[in-house]
Amino acid sequence: MSTTIPQIYGSLVFNDKVMRDKLPKDIYKALRKTIDQNTHLEIDVANAVAIAMKEWAVENGATHFTHWFQPMTGFTAEKHDSFISPVDGGEVIMEFSGKELVKGEPDASSFPSGGLRATFEARGYTAWDPTSPAFIKDGTLYIPTAFCSYSGEALDKKTPLLRSMEALSKEAVRMLHILGNTSVKSVKTTVGPEQEYFLIDKEDFKKRIDLKFTGRTLLGAKPPKGQEMDDHYFGVLKPRVAAYMHELDEELWKLGIPAKTKHNEVAPAQHELAPVFDTTNVAVDRNQLTMEIMKKVAEKHGFVCLLHEKPFDKINGSGKHNNWSMTTDAGTNLLDPGKTPAENIQFLVFLMAVICAVDDYADLLRLSVASAGNDHRLGANEAPPAIISMFLGEELMAVVDSIENDTFFGAKEKVQMETGATVLPHFFKDTTDRNRTSPFAFTGNKFEFRSLGSSFSVSGPNVVLNTAVAEALSQFASQLEGVPESELQAKVHALLKQAIIDHKRVIFNGNGYTDEWVKEAEKRGLYNLRSTPDALPVFIAEKNVKLFTKHHIFTESEIKSRYEILLENYNKTIHIEAKTLQEMVNTQFLPALASAVDKTVTLAAKKKKVSEELPVTGEIKLAKKLSEYYDEITAAEEKFEADVAKAEAMTDELELAKFYQSVILEDMAKIREVADEAEGLIPKELMPYPTYADMLFYV
Ligand code: ADP
Ligand code: MG
């Protein structure tokens, strides 16, 4: 009997169905309440859940369990304990208690803490997140957990995310109650992350130390054909890639990850996978898991899956689109324009809150997508620019204009106007046109934050987004609380109007790739934080510290520690890249270039030996050219090495980051420029590693 997709879907997940089957009714109810309404979970409930979880896990072949967490490395971490417990007579039983489910104590002293843990205690604690379902992978029961220090300071990416979701829920509920929607108890944010990636052959990968150590190629001439023909985008899947994607889908489905869309992307060897959206913290966990499974399945198919933001120079890099919205416990999407005037007011208030949030905290949003890898994309004409602006589309823009100008919302075909009943215009959810250059675009019933890098945990950007929107809602609510019902509509209208006037500078519906936009944005006073060292200091800016502490997302010391981790991470990344390039140039590229010279002059000498009449001008010309390249690279390399030595002697991390960005990366680019030119003259058999053509056109 063959298995169907509904049969395998979620088969390795301790999901609602399993919970209902396995748990006593009252326990199930208590757990559901914790999951849905964030209520405290009693230990006797945890004990009962642990027993059911263990039973289910063992039935499904698990022998171990692990508290799965997300330290500041951006990866996931796990330590496996077996269920076995020796009993008299040399036998074992399988045991798992509520205490083990709820709390763990990994020896976690080697995870980055930005100095947080040192001042308190070396230990870190993991705490079960019941809102993200446990699952089985490779014979182990995985329990999603948050990771904190002894004194409760967050050491991970999940804790602040959960805090930000709570903050948003609190303020959104407050706002909805003001608007008369009093039955709402909670609001959850939802995320659907679209994931881009490259697949290259494993054998090619093994021969490139740059890919191995840094995730990106540091040298490599653009092949004669790149992406200019647009023939890869949405193209037919090659059988080897199709087989990979098929198995990937199945593995993800087993884990309850609703992988939905797959297609070829713009660049050769580039692809995309998008799941159906989920509650934010579940979506974050699942995206982490997705990235891991993508790499694992790739190995099986003789591929390596590259998640770096810019694996190949002069060819599109990879990003991640963070589709985001807010949903009430009754299932209403608050960014869905809706059909009735009341829904419409609600929609406009939440829409405007997002606009205010993005304008007020554009710097933090930019920071949340800053990394050494993503710096290669933002600002290059392939990803949204580093300037954070919003795209609303024509129809919504018209609505916004009409509110600002107190004009009646002009009748365009698809647009319907509420007559008399309300001062606010009504319109249908439209088919928003697509603007691919906008960092933050409204797409019908959600926003799409497009600046994320492909290797990112989507946690950080959502922490900022949730918190900033919570703050905007909080400010709106403060203005509307206590207003009598008869005056509410007019007051809301006035508030929206003022908000538009104050924040419309962040709205830009044009082409974000042009120089005019850069100038225009500067005139509007928008941030243009080009690189990671430019963006990082905004984390500790007073207004942003105030935001995070007000909503209890981060304490001041948590912010400080995170800032330091980000800085160090940037510096370490570039340092590794610099060392790798040195090694590649000195031990691989220059020797290949020397061999090419040798081959050419040897040929000329041989010819001369045979007969003085054989012409050798071609060889001499080529040898001269190659030698010039050799000299040029050697000179650039000397400067580079001296600069790296300078960097290694620097102690201030921010100064260092700026130095890496402005000097070291420039040195590296200079070497690369010459080397990539020279590459075109080196005989294929002398190239010490696979070229772009080999790697990108393998199938
Ligand atoms: P496209 O962006 O190509 O139009 P879709 O409209 O299908 O594609 O959406 C892209 C992603 O947005 C998918 O992952 C989808 O699940 C997600 N998405 C759809 N609705 C929401 C929502 N309300 N909240 C968050 N993500 C959503
Ligand atoms: Mg998209």
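Nothing fancy with the numbering, it's 1 onward along the sequence. Predicted model, so just to flag it, every value in this text is computed and none were measured. For ligands, and for the atoms within them, numbers begin at 1 and follow the listed sequence.
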Name the option, out of Lys446, Glu448, Glu194, Glu272, that contains the heavy atom nearest to atom 5 (P) of ligand 1. Lys446

Is Val276 near ligand 1, meaning one of its heavy atoms is under 4.0 Å from it? yes

Among Trp253, Phe14, Tyr142, ring-ring contact (aromatic ring centres under 6.0 Å, His included) partner for Phe135: Tyr142

Phe442 vs Phe347 aromatic rings, parallel, tilted or perpendicular, using cut-offs 30° and 60°? tilted

Below 30° counts as parallel, above 60° as perpendicular, anything between as tilted: where do the rings of Phe440 and Phe449 land? tilted

Parallel, tilted or perpendicular for Phe554 and Phe548, by the 30°/60° rule? perpendicular

Looking only at distances, can you tell me whether any N or O atom of Pro193, backbone or side chain, sits closer than 3.5 Å to an N or O atom of ligand 1? no

Heteroatom proximity flag, Thr190 to ligand 1, N/O under 3.5 Å: yes

Check each atom of ligand 1 against the heavy atoms of Asn333 and keep those under 4.0 Å away; list them by number with element. 23 (N)

Would one find an N or O of Phe277, backbone or side chain, under 3.5 Å from an N or O of ligand 1? yes

Numbering as shown, the atoms of ligand 1 that approach Pro275 to under 4.0 Å (heavy-atom distance): 13 (C), 14 (O), 16 (O)

Determine, step by step, whether Leu547 and Thr467 satisfy the side-chain contact (heavy atoms from CB on, under 4.5 Å) criterion, reporting the C-alpha distance in whole Å, the side-chain angles of both residues, the deciding distance to 0.1 Å, and the verdict. CA-CA 8 Å; Leu547 172 79; Thr467 312; 3.8 Å; yes

Could you tell me if Arg174 sits above the aromatic ring of Phe476, with its cationic atom closer than 6.0 Å to the ring centre and no more than 45 degrees from the axis? no

